Amino acid sequence: MLIDINNCYVSFERVFNPRLNGLPVVVASNNDGCVVARSNEAKALGIRMGVPIFQIQEIIRKHKVQVYSSNYELYADMSARVMQVISSIVPEVEQYSIDEAFVDLKTYPDEMVPPLARRLKETLAQWIGVPVSIGVASTKTLAKVANRLAKKGPGIKILSDLEALAILEKYPVEDLWGIGHRITGRLNTMGITYAGQLLRMPPAWIRKDFNVNILRLVTELKGSPCISLELEAAKRKGIGSAKSFGKPLSVLSQIQEAASNYVAACASKLRTQKERATILNVFIQTNYFSASSPQYSNSIQVCLPVASNLDAVLIREVNAALRKIFRPGYAYKRVGVLLTGFVPESQVNLNLFCTPETAAATSAQTVMDKLNERMGRGTVRSAAQGFKKEWKMIQRKVSPRYTTQLSELIRVKV
DNA sequence: TCTGGGGTCCTAGGACCC
DNA sequence: TCTGGGGTCCTAGGACCC
């Protein structure tokens with residue numbers, strides 16, 4: 001079973017702002033750049049996923065489209081609530097993304113499945129206030145197909161393998177889970193436009209001319225599971241952060257301030273998975289959309305002398321790396337950091353030529369983490385993370401963090 | 001004027017080993 | 001005229017996902 005929140009971010013906004021119901025609503029990406037979520041009314045106006053906001057200003061004005069900045073603190077918390085409700089009803093749940101969960105129904109008899117699906121849908125509507133679509137089939141890939149059918153119809157679709165065969169005859173290949181625009185292009189030039197056609201191609205040919213993922217996909221479409229349920233969240237193999245600035249920056253120290261904040265956020269995530277990084281990548285770039293201004297981008301990889309997950313250590317390394325790749329005279333648009341080469345916290349190789357991390361440094365970090373957990377993110381932080389925040393992103397219309405900040409609780413007039 | 005962010009996996013090719 | 005066979009590991013680039 002695949003449970004998917006309809007128009008996820010828009011639905012979360014509507015929970016706290018019901019007057020948005022029935023209106024065209026879109027949620028924008030960072031810096032209010034592109035459309036990342038659309039209500040059905042917005043979709044009906046022809047607003048495409050990912051389109052830059054400035055290109056649809058006309059439509060927005062004419063149809064009074066409600067544009068919201070993305071509020072990930074709110075969305076992450078709402079998503080966690082949805083997942084919690086699902087887990088309270090069914091035991092085997094894989095959270096696949098912020099708005100999707102796969103559920104294992106192996107232990108449920110067939111006749112139990114429709115009432116279970118209805119119960120999940122109704123409970124999420126009543127307890128959280130969000131609409132979901134539910135698709136059920138014999139493999140993950142077919143559940144994705146079923147979910148898509150559910151979205152167009154009554155909200156729940158239980159798809160048998162037999163019915164799937166018929167449906168796939170007129171199911172465009174680009175709508176399949178795992179087929180993107182590049183593979184679609186290649187398939188289309190071969191005359192393959194529907195999933196049913198792909199299904200009839202010889203497996204050996206698919207393996208040879210494409211790759212093992214496409215072969216798995218086709219096998220799943222035939223009803224044989226190849227992709228299993230991942231009940232335990234895997235540890236990240238890389239943790240990165242890269243964001244566009246609200247405005248172009250030319251001063252090294254301002255870029256360093258941004259990068260210090262990004263790497264501190266990465267380090268915090270790394271600590272929660274109890275690992276340390278041995279490799280740090282840093283990159284900067286100018287605005288590649290701006291054809292008229294001089295372009296420059298560069299990146300650097302640093303192998304840390306001793307693996308670390310401490311803000312202070314990583315901020316120092318990031319700033320040193322930036323000094324090496326920064327060139328004056330450019331208007332920079334983006335900086336990014338990436339931590340990789342993780343080792344368990346308890347298995348750090350020391351280095352003959354370096355002083356190992358002191359116990360004091362580690363416990364200082366622990367105290368900071370505890371304070372921040374209790375008092376809110378960023379309560380205690382490195383001075384390098386700055387105060388001016390010249391780099392901060394544009395959020396013209398961001399809704400309150402209703403569920404995670406006491407000062408932003410919803411007000412109700414009785 | 002204005003164009004997102006954070007991930008995973010696979011493959012080909014290069015470099016190396018005995 | 002003729003120049004082996006069987007591997008591993010790493011990386012960049014490509015493709016995909018939400």
Side-chain angles (χ1 to χ4, degrees), chain A residues 2-9 26-38 48-58 60 67-72 75-76 79 94-102 140-141 144 147-148 173-187 206-217 226-227 230 233-248 258 262-263 265-266 269-270 273 279 281 283 285-293 299 301 303 331 333-342 393-396:
Chain A
L2 175 64
I3 307 171
D4 185 311
I5 303 169
N6 299 345
N7 313 330
C8 179
Y9 300 162
V26 301
V27 174
S29 62
N30 283 359
N31 283 315
D32 296 340
C34 298
V35 170
V36 292
R38 305 158 294 158
R48 285 170 300 116
M49 184 66 171
V51 70
I53 301 275
F54 76 88
Q55 287 178 4
I56 55 165
Q57 283 303 346
E58 191 68 13
I60 290 173
V67 182
Y68 279 80
S69 304
S70 38
N71 182 348
Y72 286 106
Y75 305 157
S79 168
E94 170 192 344
Q95 179 173 354
Y96 174 66
S97 74
I98 196 164
D99 72 330
E100 288 168 275
F102 284 106
K140 277 183 164 179
T141 307
K144 275 273 187 184
N147 194 284
R148 203 178 179 85
V173 284
E174 65 258 39
D175 292 346
L176 290 169
W177 187 43
I179 305 279
H181 77 284
R182 302 304 285 255
I183 306 277
T184 298
R186 285 177 60 195
L187 288 171
I206 293 170
R207 178 69 185 88
K208 191 170 149 289
D209 277 36
F210 291 90
N211 60 45
V212 70
N213 288 325
I214 311 293
L215 181 58
R216 285 192 189 117
L217 181 157
C226 296
I227 308 169
E230 307 290 336
K235 286 186 174 174
R236 299 266 161 272
K237 293 173 178 172
I239 298 174
S241 181
K243 285 189 243 296
S244 305
F245 309 132
K247 60 179 186 193
Y262 302 168
V263 81
C266 295
K269 286 185 192 171
L270 188 54
Q273 66 177 40
I279 298 170
N281 279 282
F283 66 88
Q285 52 191 223
T286 49
N287 183 359
Y288 48 78
F289 285 111
S290 171
S292 56
S293 52
S299 69
Q301 184 170 76
C303 296
K333 183 64 180 165
R334 209 161 101 101
V335 66
V337 301
L338 176 65
L339 300 175
T340 52
F342 298 157
M393 63 183 173
I394 295 163
Q395 288 186 301
R396 283 189 191 84

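Proteins come first, then strands; the chains are lettered A, B, ... in the order of their sequence lines, and each starts at number 1. Computed from heavy atoms alone, side chains included, the values below leave out hydrogens, waters and symmetry copies. Keep in mind it's a predicted model, so treat the numbers as computed, not measured.
- For the pair Glu94(A) (side chain) and Glu230(A) (backbone), a donor-acceptor distance under 3.5 Å is present.
- When distances run from any side-chain atom of Lys243(A) to the nucleotides dG5(B), dG4(B), dT11(B), the shortest one goes to dG5(B).
- For the OP1/OP2 pair of dC18(C) and a distance below 4.0 Å, the side-chain nitrogens and oxygens of Lys144(A) include at least one atom meeting the criterion.
- Checking dC9(B), dC18(C), dC2(B) against the side-chain heavy atoms of Phe54(A) singles out dC2(B) as nearest.
- The distance from atom CG of Asn281(A) to atom C1' of dT11(C) is 12 Å, rounded to the nearest whole Å.
- Among the nucleotides dG4(B), dT3(B), dG7(B), the one closest to any side-chain atom of Lys269(A) is dG7(B).
- In this structure, Gln57(A) reaches neither bases nor backbone, as no heavy-atom distance under 4.0 Å exists between it and the strands shown.
- Summarising the geometry, the separation between CG on Leu176(A) and C1' on dC18(C) is reported as 17 Å, rounded to the nearest angstrom.
- Atom CD1 in Ile227(A) sits about 11 Å away from atom P in dC10(B), given to the nearest Å.
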Task: Intermediate values then yes/no, side-chain contact (heavy atoms from CB on, under 4.5 Å), Phe342(A) and Lys235(A) - done: CA-CA 10 Å; Phe342(A) 298 157; Lys235(A) 286 186 174 174; over 6 Å; no
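- Using a 4.0 Å heavy-atom cutoff across all strands shown, Arg48(A) reaches no nucleic acid atom at all.
- Distances shorter than 4.0 Å separate none of the side-chain N or O atoms of Arg216(A) from OP1 or OP2 on dC9(B).
- Proximity of a side-chain donor or acceptor of Asp4(A) to a complementary backbone N or O of Glu100(A) within less than 3.5 Å is not detected.
- No contact: Arg186(A) has no heavy atom under 4.0 Å from any strand.
- Picking from dC18(C), dC9(B), dT3(B) the nucleotide with the shortest atom distance to the side chain of Phe289(A) gives dT3(B).
- With both ends at atom P, the span from dT3(B) to dC18(C) equals 25 Å, rounded to whole Å.
- Here Ile56(A) lies out of heavy-atom contact (under 4.0 Å) with every strand.
- Toward the 5′ end of DNA chain B lies the nearest nucleotide of Arg396(A), the other residue of the pair Arg396(A) and Val212(A) mapping further downstream.
- Formation of a donor-acceptor pair under 3.5 Å by the Arg186(A) side chain with backbone atoms of Asp209(A) is found in this model.
- For Lys247(A) and dC2(B), the shortest distance from a side-chain N or O to OP1 or OP2 is not below 4.0 Å.
- Note on Gly238(A): only backbone sugar-phosphate atoms sit closer than 4.0 angstrom, heavy atoms only; bases stay farther off.
- Checking the phosphate oxygens (OP1, OP2) of dG4(B), no side-chain nitrogen or oxygen of Ser70(A) falls inside 4.0 Å.
- Note on Ile239(A): only backbone sugar-phosphate atoms sit closer than 4.0 angstrom, heavy atoms only; bases stay farther off.
- When rounded to the nearest whole Å, the span between NZ of Lys237(A) and P of dG7(B) equals 13 Å.
- When atom types are taken as modelled, the side chain of Ser79(A) and the backbone of Ile98(A) share a donor-acceptor pair closer than 3.5 angstrom.
- The distance from atom CD1 of Ile98(A) to atom P of dG6(B) is 13 Å, rounded to the nearest whole Å.
- Considering only side-chain N and O atoms, Ser241(A) lies nowhere under 4.0 angstrom from the phosphate OP1 or OP2 of dG5(B).
- Residue-level contact check: Tyr288(A) touches neither bases nor backbone, having no heavy atom under 4.0 Å from any strand.
- Ile183(A) comes within contact range of the sugar-phosphate backbone alone, with a heavy-atom separation under 4.0 Å but no base atom that close.
- Using the six-membered ring where Trp is involved, Tyr75(A) and Tyr9(A) have ring planes that are parallel, under 30° apart on the 30 and 60° scheme.
- Contacts of Asp99(A) with the nucleic acid, taken as non-hydrogen atoms under 4.0 Å apart, involve only primed sugar atoms and P, OP1 or OP2.
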